[in-house]
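I have placed the structure first, in the form of structure tokens, so that the comments after it can refer back to it.
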Amino acid sequence: MASFFDSGQVTHSFRGGRTSSSVPPSSGSSFCGTPRLMGGTPRLGRTPVTTSCSSVISATAASVIVAVVEGRGLARGEIGMASINLKCPELVLYQFADTGTYAKVITKLHILVPLEILMPDTASEKGKGTKLYSLITENFQSVAFTAIQRKYFNERKGLEYIQQLSAPEYSTVIMEVQAKYYCLAAAAALLKYFEFIQNSIYAPKSLKVSFKGSEHTAMIDSTSATNLELVVNNRDHRSEHTLLGVLNYTKTPGGGRRLRSNILEPLLDVDTINIRLDTIQELLQDEELFFGLKNAIGHFLDIDQLLSVLVQIPKQETVQVAESKITHVIQLKHTLELVPPLRVSARLLCKQMVFDMILEQIKSVINDDTSYMKGSLNMRTQKCYAVRPNINEFLDIARRAYTEIVDDIAGLVDQVGEKYALPIRTSFSTARGFFIQMKLEGVALPDGELPADFIKVTKHKNNYSFTTADLMKMNDRCDEALREIFHMSYVVVCQLLNTVHEHIHCLYKLSDAVSMLDMLLSLANACTISDYVRPEFTDTLAIKQGRHPILERIVGQQPVSNNSYISEGSNFVIITGPNMSGKSTYLKQVALCQIMAQIGSFVPAEYASFRIADQIFTRIGVDDDFETNSSTFMVEMKEVSYLIHNVSDRSLIIIDELGRGTSAEEGVGICHSVCEFLLSLRAFTLFATHFLELCELETLYPNVENQHMEVQHTRTGDTGTERVIYTFLLSRGSSEERNYGLRAAEMTALPLTIIQEAKAISSKVSQQLLAKHHSDSETQRQRAVYHLATRLLQTARNSRLDPDSLRIYLKGLKRHYEAELQVIGEPVSMETEEE
Ligand SMILES: Nc1ncnc2c1ncn2[C@@H]1O[C@H](COP(=O)(O)OP(=O)(O)OP(=O)(O)O)[C@@H](O)[C@H]1O
């Protein structure tokens, strides 16, 4: 990673290698940008900022640049981050302490989907990166990295930038961040870099600046987001079989972005969630309102992106820059004209009067009938006549000259057509300007060839395109006239934008309201496709007939539904059942419903109540992680260690098949100790396992409940082969099924001989184990005593249990100990009931 700014060299590392681009100094501080951002465009001076920007945006969904810096010495682990979205002029600052795993930084970065990550060059000094640097480069191999000299991470400069650029309505952020040095430092480097690559600066007092601690949203680490297929399908990255795919009916890019970020960071505040649920309910009850708003929302452009270009001041004024600014004002007028239909949703649009006022200001300069249109010629005409007549008399003269030239062009093409008796017509494209087109069909060319004065001929499908020397000259005159028109219009438009800037925060609010409304309409739409219910928020997780939202979309019919109940007194559910019986699906279903509820969506169930979860953890059996070179076991251990370090009493934990990466004895041991740790918390845990030994925990702990996935057995045909029927129904108690692995194997194409041998070996091993079990009664007795001692010790520590629960717990413990002694033939000599 090379150093940026001083050396004039930017090096970006990509997956599979590093791309290095030399940065030639240009006039002043203007340098060319990164290959990814600018698509290789050499100099911004010649290419309009906005054009290059939009081409990037259409080429890739990623549009966020993030600067990350970590404290040094004693402050190691203190992380400052700043992000800016090229599609949305919002500077977001983050500062938090992260543990040795840096899970919060990695998760934040996953949510932001960065296009480029900036870090201080000291993070990778002398080819030896810091742990944070290594983790980021490992996790984001396809993202461009840029090293920036540490001196640009300057917190004083960062604060100055924010004071200067923040729109007045967002300036309270200064109080929040003025002592948060790392995020300020990251902001300084980020904004400096932004100026450099975009060759433009943000207008003073124009940016939305916000500080996002993680306090207001639930934390879902990136592994859990992947396990639950929240926004990406693990098997096919293009598939829409994700929670986002199920809920996404948004019509605007802003709405889509908002839904995605909400799914990854659900809310914690019940009041806000309930406001969203009220709106969805209202939309579902009033069809006219629903369809009216949906139709209105569909006409909005990407307001964030529009805002982003409106608040940038290009460092160089070229004709393309002028043209773009005029386009943006037309787009702004189009956007504001769409606001009145949204009036019905008054809750979301409190600043209606201000929007009317901005529109009036625009209309005092821009013609009433100027509108945003598709097609380059249409848009060129709109831009040419955008500014009202009588504002600048030279502009009016230039436009008259332009109109005459366009009329002359039409006359010239008619003459050419008549001269050669050919059915030609005038066409226009941005690249060629005016040119001539002719259909090939049914045309008899003189001598079978096009006349010699038709030049620059191209043939596409059934059409000839060409021009003439006279037409080219006229095009030049036309361009010259347009340049003048755009230049004069640009001056008028810039004055107009200066007045609009005073109300820029209202446009941020509009963008916010439109994306929120779009998201809520989308969530309401999802309810019309499937039968969802409004969730409640209590201290209990209770779902009646809940369904897996993605599974029901995939199979196109309702999957088997199940009830769930987890409360403080019964907060640990152990789920057993044969392979393929539906355990993983059920676990994910609960987590997905919880997330849906916390973003303010209805959920696939007949009734649903949730306790707000501040964190959602999943530990779901995955294969080896080749990318980070970890074995299955190490992946498991890393995930469990992250869980144990970060879990809280209000977390929701989903654990599926823990300990499968090692031997059975060790697996049971690990599961046991993890369960014991989790049992001392009030977190809600769903634990699916094949280790039936764990079901004993129910007798030891009053807050454990065993459940299992029911299966049925039938015998088929003449052979009487046993078949398993999966009901996908959850029942109380632990699974009675044994050797189900072998039975599942029987249903595959494995040869019969292999299955038979496996059965024989399995029964031999079981017999040996049983013999050992009976012969080793002293070890058994010691183990039983040890178990009892540890449980009692733990109970003594666990002061949270009330007397009743404690009594039940001790009784269970006693029964369990008696049972263990009986198995090994020891006399049971415990005191009576109420000891
Ligand atoms: N409630 C349900 N309704 C309908 N089909 C279901 C349901 N639950 C699961 N299935 C189907 O059964 C298949 C197996 O489910 P799942 O992977 O959850 O089983 P499992 O018990 O976790 O298996 P294993 O122990 O082998 O991991 C799924 O792919 C899904 O198609």
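In listed order, ligands and their atoms are each counted from 1.
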With sequence neighbours left out, the residues meeting side-chain hydrogen bond (donor to acceptor under 3.5 Å, both in side chains) with S609 are T538
Contacts for ligand 1, heavy atom under 4.0 Å, by chain and number, are L551, P559, V560, P578, N579, M580, S581, G582, K583, S584, T585, E657, H690, F728
Looking only at heavy atoms, the pair that brings L658 and R619 closest together is CD1-CD, 3.6 Å
Residues pairing under ring pair (Phe, Tyr, Trp, His ring centres under 6.0 Å) where one sits in residues 531-551, two or more places apart or in two chains, turn out to be none
side-chain hydrogen bond (donor to acceptor under 3.5 Å, both in side chains) filter on R260, not counting sequence neighbours, yields none
inquiry  = Checking Q281 against R534: is there a side-chain donor and acceptor pair closer than 3.5 Å?
reply    = yes
S567 and T540 side chains, donor-acceptor separation under 3.5 Å:
no
